[in-house]
Number of protein chains: 2
Amino acid sequence: MAIRGRPRGFNRDAALARAMEVFWAKGYEATQLADLVSAMGINPPSFYAAFGSKEKLFREAVDIYLTTVGSGTMKMLMETANAPEAIRAMLTASVGIALSNPGTGGCMVALGLVNCQLQNAELRAHMEALRQATVALIKRRLEHGVAAGDLPGAIDVDGLAMYFAMVIQGLSLQAQDGATRDDLLRIVSTAMAALEHARSV
Amino acid sequence: MAIRGRPRGFNRDAALARAMEVFWAKGYEATQLADLVSAMGINPPSFYAAFGSKEKLFREAVDIYLTTVGSGTMKMLMETANAPEAIRAMLTASVGIALSNPGTGGCMVALGLVNCQLQNAELRAHMEALRQATVALIKRRLEHGVAAGDLPGAIDVDGLAMYFAMVIQGLSLQAQDGATRDDLLRIVSTAMAALEHARSV
DNA sequence: CCCAATCTGTAATTTCAATTACAAAAAGCA
DNA sequence: TGCTTTTTGTAATTGAAATTACAGATTGGG
């Protein structure tokens with residue numbers, strides 16, 4: 001049997017994409033329902049019927065952020081041949097993302113939920129887990145680089161992975177502070193010295 | 001003539017110190033008056049009489065943060081003899097501060113007001129100006145290092161200054177994500193490679 | 001000792017943002 | 001067509017957080 005009842009008057013995926021942009025631009029807590037429903041072109045009841053709550057919507061928004069906006073960085077990381085080049089490509093992609101933020105600047109995973117209230121601690125933990133996953137991915141790429149001979153076997157892959165994750169987060173904050181593309185790319189080049197140095201040990 | 005009226009029943013400076021800790025721990029927007037007055041041991045009317053508003057109190061709290069907690073990093077930066085050592089000392093001091101945050105971790109200037117609402121844009125600009133001042137200070141120290149022969153004359157002092165400011169911010173976010181002292185110090189050592197590399201150019 | 005000035009505690013008030021009530025609308029099915 | 005189901009728009013409702021009203025308390029000055 002077909003779907004009963006009045007059909008939904010808006011495109012759920014399109015509305016979700018709009019919501020993602022708003023969350024990305026303003027962060028979870030600074031975004032209010034009024035911003036969301038306005039950007040999505042719907043009213044509160046439609047919102048709650050389709051997405052459940054602000055928090056559930058945010059989780060969905062992060063999901064599509066990762067599979068759309070964010071996927072590029074990880075793709076660069078995993079698919080660029082030489083390990084140092086892969087790291088550089090990832091950071092360069094991060095710069096692009098940080099600057100394409102429709103609002104203040106920065107990566108949604110890095111800055112979407114900083115300094116939250118106790119009531120949102122669980123959501124914050126979710127974001128933190130995503131960031132830890134990034135660290136793990138960088139570490140794996142470095143290990144692969146060592147195995148492939150791109151990097152010396154003596155390097156501290158754990159330390160370097162944390163370092164580059166830190167760089168991604170730092171780039172986001174710099175973007176929020178108004179850094180230009182040229183500024184951020186210069187920072188990336190400087191940051192890459194960590195690997196240049198590791199290679200020459 | 002002496003002061004008329006009932007004397008204040010609490011120590012304003014002590015209360016301000018408590019408030020600073022709360023703001024440092026939770027950030028501006030996640031901190032609510034109830035947290036503040038509770039930590040300060042006073043009631044709302046005393047609070048407003050003595051400090052004016054939450055925003056004014058925050059500005060005062062940032063001021064004493066800078067002159068107490070934060071002064072160590074800049075002291076290290078300006079008073080350590082060798083320029084690369086000065087940078088390292090500054091970053092090491094930042095690690096100590098980030099870990100001494102009574103709450104989630106991180107530097108109050110770096111993370112005290114991220115993702116704020118439009119109504120707090122002016123306050124955010126104030127924080128941003130403080131961060132820019134840090135960049136300027138780092139730049140000056142690097143220039144001094146070049147003049148003193150600690151660093152080669154060809155280095156990009158602007159780029160390096162932004163880079164190390166980014167590191168301070170990134171360290172704060174890493175601290176919030178649960179990084180240990182050992183983790184952060186390893187990141188600092190890795191970050192220092194940027195200067196090691198610059199020296200050997 | 002009384003008055004003016006200032007602080008304190010209790011208890012509003014105000015404002016604003018998330019969420020829901022409810023009746024009308026729009027579809028399928030008998 | 002009448003019934004059921006689901007969505008929609010308007011307009012509450014709820015809840016929380018910043019700020020203030022007000023009466024009582026405590027001081028110095030005359």
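What you see is a predicted model, and the numbers here were worked out from it, not measured in a lab. Every chain is numbered from 1 and lettered A, B, ... according to where its sequence line falls, protein lines coming before strand lines.
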Whether A/Lys54 engages the ring of A/Tyr28 as a cation-pi pair (distance to the six-membered ring centre under 6.0 angstrom, angle to the ring normal within 45°) should be assessed. yes
Can you confirm if the NZ or CZ of A/Arg8 lies within 45° of the ring axis of A/Phe10 and under 6.0 Å from the centre of its six-membered ring? yes
Take the protein atom [atom1] of [X] and the nucleotide atom [atom2] of [N], then report the distance between them rounded to whole Å.
| X | N | atom1 | atom2 | result |
| --- | --- | --- | --- | --- |
| B/Ile3 | D/dT26 | CD1 | C1' | 14 Å |
| B/Ile42 | D/dT19 | CD1 | C1' | 14 Å |
| B/Phe47 | C/dT6 | CZ | P | 21 Å |
| B/Arg8 | C/dG9 | CZ | C1' | 16 Å |
| B/Asn43 | D/dT20 | CG | C1' | 13 Å |

B/Met20 and B/Thr68, any side-chain heavy atoms less than 4.5 Å apart: yes
Are the side chains of A/Gln176 and B/Asn115 in contact, using a 4.5 Å heavy-atom criterion? yes
Less than 4.0 angstrom from a charged side-chain N to a carboxylate O is my criterion; do B/Glu60 and B/Lys56 meet it? no
Any Lys/Arg nitrogen of A/Asp35 or A/Arg18 sitting under 4.0 Å from an Asp/Glu carboxylate oxygen of the other? no
In numerical order, the residues of residues 9-22 of chain A whose heavy atoms come under 4.0 Å of DNA chain D are A/Gly9, A/Phe10
Please tabulate the protein-to-nucleotide N/O contacts below 3.5 Å involving nucleotides 16-18 of chain D, giving atom names and distances.
{"from": "D/dA17", "atom 1": "OP1", "to": "B/Gln32", "atom 2": "OE1", "distance (Å)": "3.1"}
{"from": "D/dA17", "atom 1": "OP1", "to": "B/Gln32", "atom 2": "NE2", "distance (Å)": "3.2"}
{"from": "D/dA17", "atom 1": "O5'", "to": "B/Gln32", "atom 2": "OE1", "distance (Å)": "3.1"}
{"from": "D/dA18", "atom 1": "OP1", "to": "B/Lys54", "atom 2": "NZ", "distance (Å)": "3.2"}
{"from": "D/dA18", "atom 1": "OP2", "to": "B/Leu33", "atom 2": "N", "distance (Å)": "2.7"}

Atom pair CZ/OG of A/Arg181 and A/Ser100 - distance to nearest 0.5 Å: 8.5 Å
For B/Ser46 and C/dT8, is the shortest distance between a side-chain N/O and OP1 or OP2 below 4.0 Å? yes
Side chain to side chain contact (heavy atoms under 4.5 Å, CB included) with A/Leu57: which of A/Leu33, A/Val62, A/Leu36? A/Leu36
N/O-N/O pairs, protein side and nucleotides 3-5 of chain C side, under 3.5 Å:
{"from": "C/dA4", "atom 1": "N3", "to": "B/Arg4", "atom 2": "NH2", "distance (Å)": "3.3"}

Can you tell me if B/Glu122 has over 12 outside heavy atoms packed within less than 6.0 Å of its CD? no
Could you tell me whether A/Pro7 contacts a base, only the sugar-phosphate backbone, or nothing, with contacts defined as non-hydrogen atoms closer than 4.0 Å? sugar-phosphate
Does either side chain, that of A/Asn43 or that of A/Ser46, offer a donor lying less than 3.5 Å from an acceptor on the other one? no
Is it the case that A/Asn120 and A/Glu29 place a side-chain donor and acceptor less than 3.5 Å from each other? yes
